[in-house]
Engineer: 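Quick one: the structure is below, questions incoming.
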Amino acid sequence: MAKKEKEFVQDITPMEVDFPQWYTDVILKTDLVDYSPVRGFMVIKPYGYAIWENIQKYMDKRFKDTGHKNCYFPLLIPESLLKKEAEHVEGFAPEVAWVTHGGKEELQERLCVRPTSETIICSMYAKWLKSYRELPYLYNQWCSVVRWEKTTRPFLRTSEFLWQEGHTLHETYEEAQAETLQMLQIYKETAEDLLAIPVVTGRKSDKEKFAGAYATYTMEALMHDGKALQAGTSHNLGQHFTQAFEITYLDRNGDMQNPYHTSWGVSTRLIGGIIMVHGDNRGLVLPPRVAPVQVVMIPIAQHKEGVLDKVYELKKSLGEDIRIEIDDSTNYSPGWKFNEWEMKGVPIRIEVGPRDIENNQVVIFRRDTLEKQPVSMDGLRETVLNLLDDIHEGLLEKARTMRDEKSYYVSDFKDFSKKMEASPGFAKAMWCGSRECEDNIKAQTSATIRCIPFEQEDLGDKCHFCGKEAKHMVYVAKAY
RNA sequence: CGGGGUGUAGCGCAGUUUGGUAGCGCAUCUGGUUUGGGACCAGAGGGCCGCGGGUUCAAAUCCUGCCACCCCGACCA
């Protein structure tokens with residue numbers, strides 16, 4: 001048995017042996033993605049895309065419930081527009097792709113493939129906005145963006161990725177700030193309530209903030225290998241762009257004003273987070289609320305009279321709101337199917353065989369704990385619904401425990417670099433707030449300040465890195 | 001961009017040292033027996049040996065140029 005178990009997972013490199021290889025094995029063998037002919041660009045296959053669709057469905061509803069509307073802006077942005085906000089161009093110029101020809105004709109002005117859409121959206125907002133009566137503007141778009149990355153990994157960093165970007169305008173700074181924080185909160189709830197990924201929220205340091213932002217807020221998750229993943233950002237852009245793009249309106253007093261501006265986004269990177277937070281050496285472990293298949297039903301000895309009929313009948317009794325797949329393929333053995341669907345991370349497996357039918361029961365297996373037990377066919381729907389919720393809570397709790405175990409306090413720089421080397425994770429420390437100090441941390445350890453968390457802890461009055469007067473408590477980690 | 005490595009069937013590889021009919025495992029297809037933790041038997045299909053040039057009677061193998069990809073260090077949701 002023990003020997004067998006080892007054989008089952010031989011296709012996937014154990015994560016303790018080689019975490020990056022484990023990740024690659026999992027995403028390829030479970031059919032989430034494939035590499036494309038263009039370096040750095042990935043194909044998202046149906047099983048992977050279904051996860052994204054479930055994320056979209058949840059988030060889109062949250063956006064609309066808070067008054068946002070969807071729209072679509074063009075893929076290509078004229079160079080002149082990109083250049084309008086100085087910090088912004090500087091930040092993105094190194095990684096934009098350019099379109100220089102239309103057919104055989106060289107273009108008068110080259111066009112960049114959007115790395116993000118602030119510039120083109122602001123240029124349109126400038127055209128549209130006239131009066132305070134139109135505010136706030138609460139728009140979002142679902143699209144893809146291109147950033148020419150040097151090193152890429154499917155979902156975590158690809159040259160093109162799918163995301164949503166919200167772009168809003170407001171009358172006051174306070175309103176814009178409230179919007180920025182509201183969207184971050186929705187992101188946090190998405191991570192925790194939908195994906196079962198616990199996150200730390202807070203503000204980015206000036207070094208790490210978005211190019212052109214007044215303030216950037218982030219949610220950070222910790223992966224199994226102790227590296228942090230920025231899972232979503234929300235920016236208060238102040239009036240940087242609205243001034244640069246001359247977006248003006250007449251306010252309540254008849255004065256000309258620039259509105260306050262926010263933008264916020266999450267991407268398909270979230271899927272990478274799901275994999276690296278919940279996955280194990282058997283493969284994916286999908287949180288039930290986004291799993292494309294929540295329940296897989298596997299008939300045993302399906303050639304025998306009545307087995308398949310019973311399976312179809314049970315599926316019907318479970319209801320249409322549960323995503324169920326029956327694997328009645330005949331070319332694989334039940335054992336093979338068990339392993340396959342476990343690898344694919346399906347939260348619940350229901351086995352139905354002649355013996356079960358005789359006893360009015362099914363055998364239920366849960367992916368997160370690998371527990372298997374017989375359950376009555378009566379009230380199966382309730383059993384399954386409760387179990388899906390239990391699995392969600394269990395995954396969230398487990399991920400929290402994992403994160404806390406990989407979080408630690410440091411006493412000084414030496415202690416910090418030693419710990420960061422020995423066991424990567426979230427280091428909690430006091431920081432003076434200076435750029436030199438932050439640069440130094442990165443230069444010495446390749447770790448970065450992930451965020452200044454909203455939930456501050458008082459760990460003393462001296463910077464743990466340079467000894468000067470401390471300003472904030474921060475989370476520091478190596479990041480994806 | 002700097003350092004190291006690899007290109008042979010869909011995937012993973014052997015063969016290259018010493019030139020001589022292009023192989024193995026998995027996957028795929030057909031037929032049959034199976035079915036409660038990756039079943040078994042029999043058969044079949046599948047190759048520009050990364051690309052170009054050269055040496056040779058003969059090149060996956062030797063020489064040469066190029067290309068691609070992977071890993072490790074500086075930029076990034």
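Labels below follow one simple rule: chain letters A, B, ... track the order of the sequence lines, proteins then strands, and each chain is numbered from 1.
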Engineer: Write down the distance between CD (Q444(A)) and P (A74(B)), rounded to a whole number of angstrom.
Structural biologist: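 Computing the Q444(A):CD to A74(B):P distance gives 12 Å.
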
Engineer: Across the strands shown, which category fits Q230(A) at heavy-atom distances under 4.0 angstrom: base, sugar-phosphate, nothing?
Structural biologist: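 Touches sugar-phosphate only.
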
Engineer: Is a side-chain donor-acceptor pair under 3.5 Å present for E118(A) with S263(A)?
Structural biologist: yes

Engineer: F241(A) vs H88(A), test: side-chain contact (heavy atoms from CB on, under 4.5 Å). Steps then yes/no.
Structural biologist: CA-CA 9 Å; F241(A) 285 86; H88(A) 187 72; 3.4 Å; yes

Engineer: Do N440(A) and Q444(A) have side-chain N/O donor and acceptor atoms under 3.5 Å apart?
Structural biologist: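 Checked: N440(A)/Q444(A) side chains pair up, N/O donor to acceptor below 3.5 Å.
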
Engineer: Given that K207(A) and R355(A) both sit by RNA chain B, which one's nearest nucleotide is further toward the 5' end?
Structural biologist: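 In this pair, the answer is R355(A).
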
Engineer: Mind calculating the distance between OH (Y35(A)) and C1' (G10(B)) to the nearest angstrom?
Structural biologist: 17 Å

Engineer: The criterion is side-chain contact (heavy atoms from CB on, under 4.5 Å); which residues satisfy it with A244(A), sequence neighbours excluded?
Structural biologist: E85(A)

Engineer: Protein-nucleotides 27-33 of chain B N/O pairs closer than 3.5 Å?
Structural biologist:
| residue | atom | partner | partner atom | Å |
| --- | --- | --- | --- | --- |
| U28(B) | OP1 | Y332(A) | OH | 2.9 |

Engineer: Residues two or more places apart in sequence or in another chain: which of them pass side-chain contact (heavy atoms from CB on, under 4.5 Å) with E208(A)?
Structural biologist: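 Result, side-chain contact (heavy atoms from CB on, under 4.5 Å) vs E208(A): K204(A), S205(A), E438(A), T448(A), R450(A).
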
Engineer: Could you give the distance separating C24(B) and A44(B) at their P atoms, to the nearest angstrom?
Structural biologist: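 12 Å, rounded to whole Å.
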
Engineer: Does F365(A) reach a base, just sugar-phosphate, or nothing at all? Heavy atoms under 4.0 Å.
Structural biologist: base

Engineer: For residues 284-294 of chain A, which residue pairs qualify under salt bridge (charged side-chain N to carboxylate O under 4.0 Å, His left out), counting only residues two or more places apart or in two chains?
Structural biologist: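 The answer is R289(A)-D389(A).
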
Engineer: Would you indicate which nucleotide in U35(B), G37(B), G36(B) comes nearest to any side-chain atom of A301(A)?
Structural biologist: U35(B)

Engineer: Round to a whole Å and report the spacing from CD1 of I298(A) to P of G38(B).
Structural biologist: 13 Å

Engineer: For a quick check of understanding: with a heavy-atom distance under 4.0 Å over all strands, which category does T268(A) fall into, base, sugar-phosphate or nothing?
Structural biologist: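 No contact.
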
Engineer: Base, sugar-phosphate alone, or nothing: which one does L229(A) contact when heavy atoms must sit under 4.0 Å apart?
Structural biologist: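 Nothing: the residue L229(A), judged by heavy atoms under 4.0 Å, touches no strand.
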
Engineer: If only side-chain N and O atoms of S333(A) are considered, is one of them under 4.0 Å from the OP1 or OP2 phosphate oxygen of A39(B)?
Structural biologist: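 So the side chain of S333(A) is within the cut-off, an N or O lying under 4.0 Å from OP1 or OP2 of A39(B).
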
Engineer: Can you check the L28(A) CG to G10(B) P distance for me, whole Å?
Structural biologist: 17 Å

Engineer: Figure out the CD1/P separation between I350(A) and G36(B), and round it to whole Å.
Structural biologist: 19 Å

Engineer: With rounding to the closest Å, how many angstrom separate the P atoms on G46(B) and G65(B)?
Structural biologist: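 Their P atoms lie roughly 37 Å apart.
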
Engineer: Output all residues satisfying salt bridge (charged side-chain N to carboxylate O under 4.0 Å, His left out) with D225(A), sequence neighbours left out; order by chain, then residue number.
Structural biologist: none

Engineer: Which is true for V145(A) with a 4.0 Å heavy-atom rule: it touches a base, it touches only sugar-phosphate, or it touches nothing?
Structural biologist: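 If one applies the 4.0 Å heavy-atom cut-off, V145(A) turns out to touch nothing in the nucleic acid.
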
Engineer: Should the side chain of K372(A) and the base of G37(B) be counted as holding a donor-acceptor pair, with the cut-off at 3.5 Å?
Structural biologist: yes

Engineer: Under a 3.5 Å limit for both distances, which nucleotide forms a Watson-Crick or G-U wobble pair with G52(B), could you say?
Structural biologist: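 Matched G52(B) with U64(B) under the 3.5 Å cut-off.
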
Engineer: Taking atom C1' in both C29(B) and G45(B), what distance in whole Å separates the two?
Structural biologist: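 So the two C1' atoms sit 7 Å from each other.
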
Engineer: Just distance, no hydrogens or angles: give the donor-acceptor pairs under 3.5 Å from side chains in residues 147-156 of chain A, sequence neighbours left out.
Structural biologist:
| residue | atom | partner | partner atom | Å |
| --- | --- | --- | --- | --- |
| R147(A) | NE | P115(A) | O | 2.7 |
| R147(A) | NH2 | P115(A) | O | 2.7 |

Engineer: If you find the nucleotide of RNA chain B closest to K29(A) and the one closest to S446(A), which residue's nucleotide is nearer the 5' end?
Structural biologist: K29(A)

Engineer: Is there a Watson-Crick or G-U wobble partner for G43(B) with both distances under 3.5 Å, and if so, which one is it?
Structural biologist: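 Because both required distances fall under 3.5 Å, G43(B) counts as paired with C29(B).
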
Engineer: Take atom C1' in A59(B) and the same atom in U55(B), then report the distance between them in whole Å.
Structural biologist: 10 Å

Engineer: Looking at the side chain of R349(A), which of G37(B), G38(B), A74(B) is the nearest nucleotide?
Structural biologist: G37(B)

Engineer: Strictly by salt bridge (charged side-chain N to carboxylate O under 4.0 Å, His left out), give each pair with a member in residues 16-37 of chain A just once, sequence neighbours left out.
Structural biologist: D31(A)-K45(A)

Engineer: Can you give each donor-acceptor pair under 3.5 Å made by side-chain atoms of residues 176-186 of chain A, sequence neighbours left out, with the distance rounded to 0.1 Å?
Structural biologist:
| residue | atom | partner | partner atom | Å |
| --- | --- | --- | --- | --- |
| Q177(A) | OE1 | N236(A) | ND2 | 2.8 |
| Q177(A) | NE2 | Y217(A) | OH | 2.8 |
| E179(A) | OE1 | Q182(A) | NE2 | 3.3 |
| E179(A) | OE2 | H68(A) | NE2 | 2.6 |
| T180(A) | OG1 | A176(A) | O | 2.7 |
| Q185(A) | NE2 | E189(A) | OE2 | 2.8 |

Engineer: When you compare G19(B) with C57(B), how far apart are their C1' atoms, in angstrom units rounded to a whole number?
Structural biologist: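 So the two C1' atoms sit 12 Å from each other.
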
Engineer: Across all strands, who's sitting opposite U35(B) as a Watson-Crick or G-U wobble pair, both distances under 3.5 Å?
Structural biologist: none

Engineer: Give the nucleotide from the list G37(B), C75(B), U35(B) with an atom nearest to the side chain of I300(A).
Structural biologist: U35(B)

Engineer: Is it the case that the side chains of W22(A) and T24(A) hold a donor-acceptor pair, with the cut-off being a distance below 3.5 Å and no angle test?
Structural biologist: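 Per modelled atom types, T24(A) and W22(A) side chains form no pair under 3.5 Å.
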
Engineer: I'd like the P distance from A74(B) over to G10(B), given in whole Å.
Structural biologist: 38 Å

Engineer: Can you tell me how far P of C11(B) sits from CD1 of I12(A), to the nearest Å?
Structural biologist: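 Going from CD1 in I12(A) over to P in C11(B) covers 19 Å.
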
Engineer: Could you measure between the two P atoms, the one in U17(B) and the one in C62(B), and give it in whole Å?
Structural biologist: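 To the nearest whole Å, 5 Å.
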
Engineer: Can you tell me the pairing partner of U18(B) across any strand shown, Watson-Crick or G-U wobble, with both distances under 3.5 angstrom?
Structural biologist: none

Engineer: When the side chains of residues 93-100 of chain A are checked against the rest of the protein, which donor-acceptor pairs come out under 3.5 Å, sequence neighbours left out?
Structural biologist:
none

Engineer: More than 12 heavy atoms of other residues, nucleotides or ligands under 6.0 Å from CD of Q21(A): yes or no?
Structural biologist: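 Enclosed: over 12 neighbouring heavy atoms sit under 6.0 Å from CD of Q21(A).
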
Engineer: Quote, to the nearest angstrom, the P distance that separates A68(B) from G52(B).
Structural biologist: 16 Å

Engineer: Categorize P299(A) for me: base, sugar-phosphate, or nothing, with a 4.0 angstrom heavy-atom threshold over every strand shown.
Structural biologist: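 Nothing, no heavy atom under 4.0 Å.
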
Engineer: I'd like a table of atom pairs between the protein and nucleotides 1-9 of chain B - only N or O on both sides, under 3.5 Å - with the distance next to each one.
Structural biologist:
none

Engineer: What is the distance from NZ of K337(A) to C1' of G38(B), rounded to the nearest Å?
Structural biologist: 12 Å

Engineer: With a 4.0 Å cut-off on heavy atoms, is Q302(A) in touch with a base, just the backbone sugar-phosphate, or nothing at all?
Structural biologist: nothing

Engineer: Only pairs with both distances under 3.5 Å count, Watson-Crick or wobble alike; so what is the partner of C1(B) in this structure?
Structural biologist: G73(B)

Engineer: Which pairs pass salt bridge (charged side-chain N to carboxylate O under 4.0 Å, His left out) with one or both residues in residues 327-343 of chain A, sequence neighbours excluded?
Structural biologist: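 Of all non-adjacent pairs touching residues 327-343 of chain A, those that pass salt bridge (charged side-chain N to carboxylate O under 4.0 Å, His left out) are R282(A)-E342(A), D327(A)-K337(A), E342(A)-R349(A).
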
Engineer: Side chain of D356(A) only, please: which of G36(B), C75(B), G37(B) is the nearest?
Structural biologist: G36(B)

Engineer: So what does G353(A) hit on the nucleic acid, given a heavy-atom distance under 4.0 Å: a base, only sugar-phosphate, or nothing?
Structural biologist: base

Engineer: Could you check which residues of residues 283-297 of chain A get a heavy atom under 4.0 Å from RNA chain B? Sort them by number, please.
Structural biologist: none

Engineer: Verify whether one side chain among W264(A) and N140(A) offers a donor that lies under 3.5 Å from an acceptor in the other.
Structural biologist: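 No.
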
